[in-house]
Amino acid sequence: MIILDLLLNRQPFCEMSARVIDLSATKVIEGYVSASAITDIYYLANKTIRDKNKVCSLLERLLQIVSVAGVSETEILAALKSGWNDFEDAVQYFTAQNIEVSYIITRNKKDYLSADIVVVEPEEFFNLE
């Protein structure tokens, strides 16, 4: 998850993830994160940082930059019926599909092989068009 790369300063991925998030911050692109991913981000960031206030502050700043895409029963059922190996990625995909995004930017492309949305790594995103 590129957001975790940024929030946790995971090297060598942090810089490219920051570039993607900066595009959202400057309104060059509309960045989204699913509501279900927010809980995962909180859990994993808190597990690493071990400071609830700092994690909350980081997430509040993130939410000033990206929008939250809702996850409803529709996306959950689609993910359950999809046959995808990774349920969380399926939820992300069907949420992205519902809001009609142009790209999914991830370092985990292998779990999106059957996606109809263009799935790219951060580096690839900057080489489009």
Side-chain angles (χ1 to χ4, degrees):
M1 189 175 297
I2 69 166
I3 291 172
L4 282 172
D5 291 341
L6 177 61
L7 295 181
L8 301 179
N9 196 29
R10 295 196 289 204
Q11 299 298 330
F13 312 108
C14 179
E15 180 182 334
M16 196 59 65
S17 297
R19 286 183 60 198
V20 172
I21 300 301
D22 282 346
L23 291 177
S24 186
T26 57
K27 306 297 184 203
V28 173
I29 64 171
E30 289 183 52
Y32 292 91
V33 62
S34 75
S36 60
I38 292 292
T39 60
D40 295 340
I41 292 166
Y42 175 88
Y43 173 78
L44 294 168
N46 196 47
K47 191 173 174 183
T48 301
I49 296 171
R50 298 191 182 278
D51 181 337
K52 178 182 175 183
N53 291 331
K54 184 173 182 177
V55 172
C56 287
S57 177
L58 288 170
L59 285 175
E60 287 171 2
R61 289 196 336 237
L62 173 69
L63 295 178
Q64 293 173 353
I65 297 170
V66 299
S67 297
V68 176
V71 178
S72 71
E73 182 178 343
T74 301
E75 290 79 33
I76 299 296
L77 287 172
L80 288 170
K81 293 176 182 177
S82 70
W84 285 35
N85 290 333
D86 188 304
F87 176 69
E88 290 172 315
D89 288 337
V91 171
Q92 301 310 310
Y93 171 73
F94 288 102
T95 301
Q97 188 179 55
N98 185 50
I99 62 170
E100 300 179 350
V101 301
S102 300
Y103 303 98
I104 294 175
I105 305 172
T106 181
R107 285 193 302 109
N108 191 25
K109 285 176 55 172
K110 67 178 174 35
D111 285 345
Y112 293 89
L113 295 178
S114 59
D116 290 331
I117 300 170
V118 177
V119 180
V120 294
E121 293 184 2
E123 298 84 2
E124 292 174 304
F125 182 72
F126 288 100
N127 292 323
L128 294 172
E129 296 179 46

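Not measured: the values here are computed from a predicted model.
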Give a yes or no answer on whether the side chain of S57 reaches the backbone of N53 with a donor-acceptor pair at less than 3.5 Å. no
Who passes side chain to side chain contact (heavy atoms under 4.5 Å, CB included) against D111, sequence neighbours left out? D86, D89, N108
Could you pull out all residues at least two apart from E123 that satisfy side-chain hydrogen bond (donor to acceptor under 3.5 Å, both in side chains)? none
Which residues satisfy the side chain to side chain contact (heavy atoms under 4.5 Å, CB included) test with Q11, sequence neighbours excluded? N9, C14
Linking Ile, Leu, Val, Met, Phe, Trp and Tyr through side-chain heavy atoms less than 4.5 Å apart, which residues share a cluster with F13? none
Is there a continuous path of hydrophobic side-chain contacts, each under 4.5 Å between heavy atoms, that joins I99 to Y112? yes
Please identify each residue that fulfils salt bridge (Lys or Arg N to Asp or Glu O under 4.0 Å) with K109, with sequence neighbours left out. E124
Please give me the minimum heavy-atom distance between V120 and F125, naming the atom from each residue. CG2-CB, 3.9 Å
Of all heavy-atom pairs between L59 and I41, which one has the smallest distance, and what is that distance? CD2-CG2, 3.6 Å
May I have the list of side-chain donor-acceptor pairs in residues 65-82 shorter than 3.5 Å, sequence neighbours left out?
from : atom 1 : to  : atom 2 : distance (Å)
S72  : OG     : T74 : N      : 3.2
S72  : OG     : E75 : OE1    : 2.5
E75  : OE1    : S72 : N      : 2.6
E75  : OE2    : N98 : ND2    : 3.1
S82  : OG     : A79 : O      : 2.8
S82  : OG     : W84 : N      : 3.1

hydrophobic_cluster_shared for L113 and V119, side chain cutoff 4.5 Å: no
Rounded at 0.5 Å granularity, tell me how far CD1 in I105 sits from CD in E121. 11.0 Å
Rounded at 0.5 Å granularity, tell me how far CD1 in I3 sits from CG in L58. 12.0 Å
Side-chain touch L6/L62, heavy atoms, less than 4.5 angstrom: no
Not counting sequence neighbours, list each pair that qualifies as a side chain to side chain donor-acceptor pair (under 3.5 Å) and has a residue in residues 28-51. E30-Y32, S34-S36, S34-Q92, S36-Q92
Answer yes if Y103 and V28 sit in the same cluster of Ile, Leu, Val, Met, Phe, Trp and Tyr residues linked by side chain heavy atoms under 4.5 Å apart, and no otherwise. yes
Can you sort out the partners of R10 under side chain to side chain contact (heavy atoms under 4.5 Å, CB included), two or more places apart, ordered by chain and number? L4, D5, L8, R107
Give the cluster check for I2 versus I29: same hydrophobic cluster or not, with ILVMFWY residues linked at side-chain heavy-atom distances below 4.5 Å. yes
Are L128 and L23 connected into the same hydrophobic cluster when the rule is that any two of I, L, V, M, F, W, Y join if their side-chain heavy atoms are below 4.5 Å apart? yes
Does K54 have any side-chain hydrogen bond (donor to acceptor under 3.5 Å, both in side chains) partners at least two apart in sequence or in another chain, and if so, which? none
CD/Q97 to CD1/I104 distance, rounded to the nearest 0.5 angstrom? 9.0 Å
Residues passing the side-chain hydrogen bond (donor to acceptor under 3.5 Å, both in side chains) test with E88, sequence neighbours excluded, are none
